[in-house]
There are 4 protein chains.
Amino acid sequence: MAKGVNKVLLLGNVGKDPEIRSTAGGTIVASFSLATADRQKDQQGNWQDKTEWHNLVAFSRTAEIVRDYVKKGTQLYIEGKIQTRSWDDKESGQKKYKTEILVNELTLLGGAPGGRSEGGSGGYSKSSTASFDQRTPSSQPDYADQGITDDDIPF
Amino acid sequence: MAKGVNKVLLLGNVGKDPEIRSTAGGTIVASFSLATADRQKDQQGNWQDKTEWHNLVAFSRTAEIVRDYVKKGTQLYIEGKIQTRSWDDKESGQKKYKTEILVNELTLLGGAPGGRSEGGSGGYSKSSTASFDQRTPSSQPDYADQGITDDDIPF
Amino acid sequence: MAKGVNKVLLLGNVGKDPEIRSTAGGTIVASFSLATADRQKDQQGNWQDKTEWHNLVAFSRTAEIVRDYVKKGTQLYIEGKIQTRSWDDKESGQKKYKTEILVNELTLLGGAPGGRSEGGSGGYSKSSTASFDQRTPSSQPDYADQGITDDDIPF
Amino acid sequence: MAKGVNKVLLLGNVGKDPEIRSTAGGTIVASFSLATADRQKDQQGNWQDKTEWHNLVAFSRTAEIVRDYVKKGTQLYIEGKIQTRSWDDKESGQKKYKTEILVNELTLLGGAPGGRSEGGSGGYSKSSTASFDQRTPSSQPDYADQGITDDDIPF
DNA sequence: TTTT
DNA sequence: TTTT
């Protein structure tokens, strides 16, 4: 029986090809960003588009679905929970925080140019080595860097 | 018509008395933290309680309700959206991020020791000047510090 | 300030072209059905698809969006609330109930064959006169039949 | 992987003591009604309270929690999905429909007069034989009446 | 009645 | 970094 509620619902487009890793214990981990577009009125009463970026993480079976079906541009509906991880930045000595959405459920909506029906055709690679999230500086909380073990997997 | 979905649902207890401020334009702003309790199985299969803390912010009418009815310990259900603000830390020169929940709707559930019907009796102060969230270091993004103007209010 | 929560989130496909009407007071009303697909394990442990049908109703601005962009097959995400209307069946004298989702927010996801960019091409009519929902017998609760006035519009 | 979304979130108070039954296969079934209060403006611009009643059903472990902790007046937050069952009314020969919320998750909020900490003291009985929902006429879809077998349990 |  |  739940004691509280911590639920997030997002519908938007994936910013980059997901990054797939494994923990020492063999659990698959998928990380990716999702953009949600918002239409809101500005001070002048004009409608403005505003994009909010979210950091998402998925484990195990959900991570496999992400690995197999999700890429840059994919339109996605997800349900998850908010989690904030913290760590000590080695450089500055400051405590740092990263808020992520742990994805529990996921519905593919297609919608991407060259979308999921594309079949992995040329000029496209899932094993992108490009840095996934430029917002996070060098001292970012990488699961590996933090010596994440399977104790940290939330189930 | 919405172009995406960015929705958060939280049910939990308020960590401290909310902090109430105003923008230069006179918009009331309420900031507070909310703890959501989670029960999940650990590696040994035992149920573990885990608390997740969320930073919430409310504006205008919703902020007034927070000011008038919400305090430390209040049990609350809220709906809102995720927003991440960023700023340059003056000390370290690093870019910093703070993820907050912008509260749109709020349902009071009572449940606080000496709850909302108490009427602000002794030993208790809403105008707490104590640092609101110890997790955030000295270089935290204060709306005032960042020269927040009414252009930043999201409506 | 809300006193309770009554929220519905649906993502699925529209079953028929929406039916558009107006109240005596000129409020536009859109009615349509939405199918949500579910995948669940049966007794033998096999995955089974199951479709659930929902009756949706939208008013005013939201109804205009439905009228202009939604048709048979459109993939849609909606937020709304559950409402059950009741009336006395003239034939049987029994009290009858119809549960509907009052749509507050709506996100178009395209996805229909000959989707929303089609532009109303041939063999297609919004002003379908076909009975909208066969599940409801002749004594159905039609807004007009019930002498719905603008007092009944929930805002 | 989900193919659609069918999600309901309710926060309100239980109308009567839940009705507890078992299927032939031994699955526990709990049925109860939940009232959600809404505050909305009427035509004159005055705030009006409006109560919406929902029929809820829970199975297995969730039904046990309902049996053990939920009674008339209990304040509850639930998550579930909408399901409409249909059957042929033996009397009138008409097809009838009943929309229910299948409860997946449940958070107790207490709040009831003589609430969940009461311990089942006198003058109070969970095994109420009183008709559960007066809105439903004599030809209501009872799980037993319909010869519900364990094939009908949705998992 | 939808859709994949 | 996405998308329309």
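Just so we're clear, the structure is a prediction, and the values are computed from it rather than from any experiment. Labels below follow one simple rule: chain letters A, B, ... track the order of the sequence lines, proteins then strands, and each chain is numbered from 1.
- Base contact: T51(A) has a heavy atom under 4.0 Å from a base atom.
- Atoms NZ (K50(A)) and P (dT1(F)) sit 20 Å apart, rounded to a whole Å.
- Computed from coordinates, the L11(C) CG to dT2(E) P distance equals 18 Å when rounded to whole Å.
- One can place CG of D38(A) at 18 Å from P of dT4(F), the figure rounded to the nearest angstrom.
- In this structure, the side chain to side chain donor-acceptor pair (under 3.5 Å) partners of E64(A), at least two apart in sequence or on a different chain, are R61(A).
- At whole-Å resolution of the value, CD in Q75(C) and P in dT1(E) are 21 Å apart.
- Residues passing the salt bridge (charged side-chain N to carboxylate O under 4.0 Å, His left out) test with K3(B), sequence neighbours excluded: D49(A).
- Using modelled atom types and a 3.5 Å distance limit, the side chains of S60(C) and T27(C) yield no donor-acceptor pair.
- The CG atom of L34(C) sits 12 Å away from the P atom of dT3(E) (whole-angstrom rounding).
- Set against dT1(F), dT4(F), dT1(E), the side chain of S33(C) has dT1(E) as its closest nucleotide.
- With rounding to whole Å, L76(C) atom CG is found 13 Å from dT3(E) atom C1'.
- E19(C) places its CD atom 17 Å from the P atom of dT2(E), with the value rounded to the nearest Å.
- For dT2(E), its base never sits under 3.5 Å from the side chain of K72(C) at any donor and acceptor pair.
- Atom-to-atom, CG of D17(C) to P of dT1(E) comes out at 14 Å; the value is rounded to the nearest Å.
- A donor atom on one side chain and an acceptor atom on the other are not found under 3.5 Å apart for H54(A) and S33(A).
- The side chain of N13(A) sits closest to dT3(F) out of dT1(E), dT1(F), dT3(F).
- Stacking between W53(C) and dT1(E) is present: the aromatic ring centre lies within less than 5.5 angstrom of the base six-membered ring centre, and the two planes differ by under 30 degrees.
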